Structures are given as C-alpha cells and as structure tokens.
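These notes concern the structure reproduced below.
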Amino acid sequence: GTGKVTATPINGDVEYLSPVNIGGQTLNLDFDSGSSDLWVFNSQLSTASQTGHTVFNVAKSQTLQMMTGATYSISYGDGSGSAGNVGTDTVNIGGATVTSQAIELATAVSASFVEDTASNGLVGLAFSKLNTVKPTQQKTFFDNAMPNLAEPVFTADLRSNAVGAYEFGAIDTSKFNGTMQWAAVNTTNGFWQFSSEKFQVGDATPMAVPGGQAIADTGTTLMLTSAAVVNAYYANVQGAVNDQQVGGVTFPCNSQLPDLQFDVGGSFMANVKGSDINFAPVDNAGTTCFGGVQAIQSNLQIYGDIMFKSQFVAFNGGNNSIGMAPHQ
Ligand SMILES: Cc1cc(CN)n(C)n1
C-alpha cells in the first residue's frame, strides 16, 4: 500500500507537522528523519505539561497494549528531550498502517516541547538502530511499514510557507523537475548519511567541507555546515554579520542571496535557492534577517528543512539510498 499526509509549516517554517492516527486518535506530529523514536504527548503527562497540546488518551484506545518494563529516553541536538514508557498500537499515516507499532508515551518532556503547542510528538524516520527503547529496542514506523509498501520508500515534499506532503510507498514524479538523482547512504551511524565534500556558490571555486559527511534531517529547521563554508557563503552578501547576540549570521532582509550548491555522494550537486536561505526577520521592522545556513562544530553536517524547501527528497530503505530533485 501507500500512505500520504500533509506537511504543514508552523511558525515561519520552524517545523512541519503531519496528522497521524494512533489507536483511533489523530495527533499532529513532527516527522524527523534524524531520529528513530515515535513518541507522543499523552494523558500520563502532568496537566502542566499537557497544557495547549492534543494528547493521546491512553484510556481511550481499544488497541493500546502496554509493553511491561519498557522505557525510553531521548535527547536531541537542540537540547530538547523526552522520556517515558512504551506500548504498542495501530498507527495509520495517510493510509499506510502498522498494527503493532511501538508508541513511546512521554511521562516527561523538556520545556521547549511544552511551549511548542503545535507539536504533540515526533515520528522518527531514521534507522531503527538509533531507537532508545530499553530493554528491547523497537522499530520505526517506516521499518515496520516497509514490507507492505508498494515501494520501500518515503518522500519529503516540504515547502516554504506552504503545505507539502510526506508519502510512504511511492515517489510522485509530478512533484519534482527533471530526473531524480541518487546517492548511497552510509547507515553506520543510524542516519540518512551521505558524503558531501564540497559547496559551491555560482561558478566560484568550490569550498571543501571537513569530514565531508552530511545527514538529511527533516527534524532540524536550518542547514548546518562548517564555519568556513558559512563565512565563504555570506562573504557574497553585503552587510552580512555573525551576530553573537542573535546566535548566528544575519543580513539585510532585502539582500539578494546567491544560490548554494552542495555535493551529494560525490555524484551530483544539488541546489539550495538563495531565497530559501533567507530564514526569518530577527527584528519587528523586518530589516535584519537570520540566515538559513548556519555553522556547527561537527564533522557531520546537518541538512535540515532549508535544504528540503529546495529539494524534493526520496528515502529508499530497500537499497539505502537517497534521491533528490528540485521541487516542481
Ligand atoms: C526535536 C528535535 C529533532 C531534531 C532533529 N533530529 N532536533 C534538532 N530537535
């Protein structure tokens, strides 16, 4: 079968939320190709933590079965996290259904999750080896669904300030331009990881990347790469400054940002539109804007939603490859 759900941008494309049916209850969740736990806000949480959220009511599901002695605890690159117990239930994502999916039920969530009332949990879509359930590690929705999918794939069609889609089991060729190009994924670290050794602005000299590896991460808002690449890119932008106060590079909102090409698997260069690199204003007047490409100190670069807004991406769990093509 196949399944398709909307991916709705929240608060200026900070995250994208999709409806998921769990045991008959529908919650808006954040699909995260950079982690491997499916966890939800639920009726076990303190009233304070539940405030503003749609929670999964553990008493109301006819099909929820608690997994005795199982717990989870996860923390993310941005310092957020959650922990709790575990059950299994039927999960239906736009028609793709798994009857016994591990549902991780938060009993504690970090402040940033409580404050983010649009999101009621995450659906981890990286590799199951990263799943945090103990004593028995659990499989992701995609791993469980794959045998029954028409094709062992899911795609991310994320749009700038517009509703996009996640689809399981099919690649909708009407959603992208030209031929999709594919690269090998290295699953050793449990991510959708591929080699990405260089960036290029226009026809300038390509910039090398330390470590030369990147992950495709729908759960990260920005595109995070080396400081050297970030500085070289924004050197093309009049008035760009690295503003410690704000926490990264800003520039005048009316800047003409150049496109940025990045290497995928050593086999092709994919493009990020300059317009997508203008992430958001930092001041009320909308004079100064925050860059969508920012620096991290890591040999593993993180290509988040800024990249997905320019590229339609297919994740192939059958042969562990990643496909990209410019959105239609
Ligand atoms: C909640 C969450 C998910 C991710 C990316 N995997 N981050 C950085 N934060």
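This one's a predicted model, so the numbers in the text were calculated from it and none came from an experiment. Whatever order the structure lists ligands and atoms in, that order sets their numbers, starting from 1.
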Considering distance alone, does some N or O of D32 sit under 3.5 Å from an N or O of ligand 1?
-> yes
For ligand 1, the portion of D217 having any non-hydrogen atom under 4.0 Å away = side chain
Please report which non-hydrogen protein atom sits nearest to [atom], along with the residue it belongs to and the distance in Å to one decimal place.
{"atom": "atom 9 (N) of ligand 1", "answer": "D78 OD2, 2.9 Å"}
{"atom": "atom 4 (C) of ligand 1", "answer": "G219 O, 3.4 Å"}
{"atom": "atom 1 (C) of ligand 1", "answer": "F113 CZ, 3.4 Å"}

Flag if over 12 foreign heavy atoms under 6.0 Å of CG, N319 |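 More than 12 within 6.0 Å, yes.
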Over 12 foreign heavy atoms within 6.0 Å of NZ, K129 | yes
May I ask you to decide if A204's main-chain N or O and Q200's side chain share a donor-acceptor pair within less than 3.5 Å?
-> yes
Are W192 and F127 close enough that their ring centers fall under 6.0 Å?
->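 They qualify: ring centres under 6.0 Å apart.
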State the atoms of ligand 1, each with its element, that fall below the 4.0 Å cut-off from a heavy-atom position in S80.
->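 Per the distance check, 1 (C).
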Atoms in ligand 1 flagged as close to T220, the criterion being non-hydrogen separation under 4.0 Å = 5 (C), 8 (C)
Would you tell me whether D276 and S310 have side-chain atoms, one donor and one acceptor, within less than 3.5 Å of each other?
->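 S310 and D276 do have a side-chain donor-acceptor pair below 3.5 Å.
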Just checking, is any N or O donor in the side chain of Y303 or S196 under 3.5 Å from an acceptor N or O on the other one?
->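 Present: a donor and an acceptor within the cut-off.
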